[in-house]
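This is a predicted model, so every value here is computed, not measured. Chain A is the first sequence line, chain B the second, and so forth, proteins listed ahead of strands; every chain is numbered from 1.
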Amino acid sequence: MVETEVIEPAADPGFDAARAEAERLTALILELREAYYGRDESLVSDAEYDELIRRLESLEAEFPALRSQDSPTQRVGAATRSLFSPVVHAERMLSLDNVFSIAEFEAWAARVERDAGRPVRWLCELKIDGLAISLRYDRGRLTSAATRGDGVTGEDVTENVLRIPGIPDRLAGTGHPPLVEVRGEVYFPVAAFHELNAEQEAAGERVFANPRNAASGSLRQKSEGKSAAALDLMRRRLTRLKMLVHGIGAWPDPPVAAQSEVYALLESWGLPTSAHAKTVTSIAAASEYIEHFGEHRHAVEHEIDGVVVKVDELALHSELGSTSRAPRWAIAYKYPPEQVQTKLLDIVVSVGRTGRATPFAVMAPARVAGSVVRQATLHNQDVVKAKGVLIGDTVVIRKAGDVIPEVLGPVVELRDGTERAFVMPSECPECGSTLAPAKEGDIDLRCPNARSCPAQVRGRVEHIGSRGALDIEGLGEVSAAALTQPLVPERPPLETEAGLFDLTLDDLLPIEVVVRDAETGLPKLDADGETVRVTPFRKVVRPARKTQPAEFGPSAAAELLLAELEKAKTKDLWRMLVALNIRHVGPVAARALAAWFGSLDAIRAADRAELAAVEGVGPIIADAVKEWFEVDWHVEIVERWAAAGVRFAIPGHPGPGAAAAAGGVLAGLTIVVTGSIEGFSREGAEEAILAGGGKAAGSVSKRTDFVVAGPGAGSKLAKAEALGIPILDADGFKRLLAEGPAAAKEA
DNA sequence: CACCCTCGAGTTCA
DNA sequence: CTCGAGGGTG
């Protein structure tokens with residue numbers, strides 16, 4: 001490059017004129033570029049700008065002496081005009097070998113230590129799920145930014161990369177080599193990604209399936225032919241991108257001895273490096289790093305698809321060398337993929353206990369984050385539209401919070417034209433009633449046939465048996481379905497939940513259930529093509545002698561269910577209230593109502609204002625309670641249950657208006673339980689808190705006084721730590737219950 | 001009017 | 001367990 005700075009003698013008489021013209025053009029171009037990149041102003045059109053560059057280039061071609069290192073044709077400005085043109089990396093961008101388990105990782109690391117002949121210092125860093133980028137700095141100036149491409153040749157994205165905050169177009173400090181390629185990862189921070197999608201959705205634009213796609217899409221935008229508004233939007237997207245650098249391409253003789261020192265150097269040059277990189281001195285510590293971020297993947301601002309572990313000492317890098325594909329001194333530990341593609345086979349609508357019609361995705365079974373997923377809720381028709389999925393699409397799915405399957409969106413490129421749009425049915429799929437919003441403006445559609453829609457009755461019966469209500473063993477999803485399905489040609493054992501406590505063995509014995517295949521959901525067929533049926537409540541008592549008909553008796557499940565129903569009749573009043581399925585009355589509101597009024601009769605007799613006066617109950621819940629008692633078949637439930645011996649009162653309660661038992665060691669405290677607590681069931685721990693006069697809340701907030709955490713604690717514990725709320729283990733909790741908050745805080 | 005909280009739904013695991 | 005929706009409270 002130095003030779004271009006040697007000024008040749010001006011033999012040509014046109015040279016002086018050319019030099020004057022070149023200087024004028026250079027000044028103009030620099031000025032325009034400063035306006036464009038520095039102040040976001042386009043003083044001329046792109047075509048005019050290109051024309052200026054071309055004139056300068058042709059002058060320089062004619063008079064090579066004019067081509068100085070500082071010429072705009074040699075730098076960013078030139079590159080920006082050829083977005084996506086191929087760029088040959090000075091040094092090949094290698095990929096990394098992968099391992100998928102701690103055992104594999106430790107085997108790899110042990111091999112490296114054996115080859116090195118001594119223990120190695122390791123540099124652990126997060127593997128960002130973004131786009132690999134190579135930044136080329138000539139004499140400290142950014143001359144090109146290119147994607148990885150095939151490792152040899154990438155695409156020029158300089159124009160867009162320059163808009164990413166934090167990427168200097170000129171390196172700070174001194175001591176940079178004449179030519180250096182800095183390698184890093186461009187990504188969309190998760191929070192910004194969600195904002196972006198919300199905006200895209202509001203603007204009627206496509207939403208991105210994940211932050212990686214958003215980063216890739218943003219970086220590959222072209223400015224040409226865009227309106228001013230679109231250009232503005234594009235720039236805003238680019239400014240939300242971020243980049244972290246994690247290596248250097250070509251640097252034969254670095255002034256440092258370790259990769260971690262390279263990072264410090266890069267930082268001193270003004271390049272952004274990750275705060276999560278960490279050097280450790282043992283393989284076990286590296287494994288710990290991997291496991292730690294496996295559990296806290298979501299605590300980082302960007303998505304992570306793994307961890308990269310590098311040998312820290314640079315001397316060992318050259319000693320260990322590289323294969324043609326990847327260096328031997330680094331490895332990528334890949335976490336199980338969180339996002340996976342699968343086929344959206346159908347969108348089906350289900351009806352829940354409240355009558356709400358919910359579309360859900362039926363998918364080809366796919367393994368995500370450790371389990372097989374085949375269904376995921378789509379919430380309502382607006383969400384289906386917003387996600388833009390068509391039946392037959394290949395879709396991207398993930399487990400939100402590592403638990404709940406979620407459809408992110410379609411892979412539009414894989415469409416073949418046979419996909420069809422989902423149409424929300426206008427009738428209930430189970431009973432045929434016309435679906436309608438409960439009130440004006442509601443998005444959710446509901447089946448109005450609350451009394452006899454099979455889906456709703458089934459859902460309510462299941463809810464009655466659930467832990468938060470009467471907690472009836474033997475009354476779960478399967479029994480609820482069996483009890484509410486019609487028995488050909490008779491009616492179902494339960495037409496509504498009113499008959500629940502009148503059930504007898506005679507009702508249970510004849511019940512048959514069609515066995516369905518777990519994979520397909522279709523009825524199972526036996527060898528003869530008959531559907532397989534089982535009788536969950538009946539079993540053969542005495543094997544029949546060959547000549548005599550079989551005799552049947554109740555199964556253990558039948559005995560259990562009847563015994564549990566008997567036990568349930570005298571459970572707490574608040575559980576009875578929850579079991580009645582009154583809108584907005586869950587465990588918390590039910591407890592408040594029960595404690596205040598003491599009996600269902602008192603609740604029923606109370607007027608709206610009296611109900612709303614109860615702490616935790618407002619006008620809406622009060623209305624819901626009043627309206628519930630105005631429906632005949634609701635009243636019938638109460639009457640038939642009462643006739644069957646159900647107790648709807650708290651024994652010994654003095655009557656309406658009884659003040660909540662004041663005092664207790666926990667009075668005024670709000671406590672949250674998370675994970676499993678030794679010596680307590682989850683319910684038991686909450687009961688103990690209530691018994692002590694405290695409040696057992698479901699989520700952690702700054703008003704929470706204590707968090708009781710045990711093994712298996714999740715996000716609630718993390719939140720408590722973040723908020724600085726005192727955290728108790730099982731022993732601390734016991735002390736709190738026995739001696740009060742002062743004693744617990746000391747420990 | 002914030003904020004915090006509860007409700008309701010779907011889902012999978014031991 | 002988590003999310004969105006919507007209710008309740010200070």
How far apart are the C-alpha atoms of E627(A) and R583(A), what are their side-chain angles, what is the distance that settles it, and do they pass the salt bridge (Lys or Arg N to Asp or Glu O under 4.0 Å) test? CA-CA 10 Å; E627(A) 281 164 23; R583(A) 271 295 203 103; over 6 Å; no
Around E473(A), counting heavy atoms of other residues, nucleotides and ligands shown, do more than 12 lie under 6.0 Å from its CD?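 It does not: E473(A) CD has 12 such atoms or fewer within range.
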Grab the N/O contacts between the protein and nucleotides 1-3 of chain B below 3.5 Å, and write none if there aren't any.
none

The side chain of [X] is closest to which nucleotide in this list: [options]?
X	options	value
Q375(A)	dC7(B), dT11(B), dG8(C)	dT11(B)
R583(A)	dG8(B), dC7(B), dG7(C)	dG8(B)
T358(A)	dT11(B), dG7(C), dA9(B)	dA9(B)
R353(A)	dG10(B), dG8(B), dG8(C)	dG8(B)
T377(A)	dG8(C), dT11(B), dG10(B)	dG10(B)
R356(A)	dT11(B), dA9(B), dG7(C)	dA9(B)

Keeping the roles fixed (side chain from [X], backbone from [Y]), state whether a donor-acceptor pair exists under 3.5 Å.
X	Y	value
W641(A)	E497(A)	yes
T342(A)	A364(A)	yes
S479(A)	G474(A)	yes
D705(A)	I671(A)	no
R460(A)	A450(A)	yes

Can you check the [X] [atom1] to [N] [atom2] distance for me, whole Å?
X	N	atom1	atom2	value
I582(A)	dG8(B)	CD1	C1'	16 Å
L593(A)	dT6(B)	CG	C1'	14 Å
R591(A)	dT6(B)	CZ	C1'	13 Å
E406(A)	dT11(B)	CD	C1'	13 Å
F360(A)	dT12(B)	CZ	P	11 Å
H379(A)	dA5(C)	NE2	C1'	11 Å
R608(A)	dG8(C)	CZ	C1'	14 Å

Check the phosphate of dA9(B) against S350(A), side-chain N and O only, distance under 4.0 Å to OP1 or OP2. Yes or no?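 For dA9(B), OP1/OP2 do not have a side-chain N/O of S350(A) under 4.0 Å.
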Answer yes or no: does a side-chain N or O of T354(A) lie under 4.0 Å from OP1 or OP2 of dA9(B)?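 Affirmative; the distance criterion is met.
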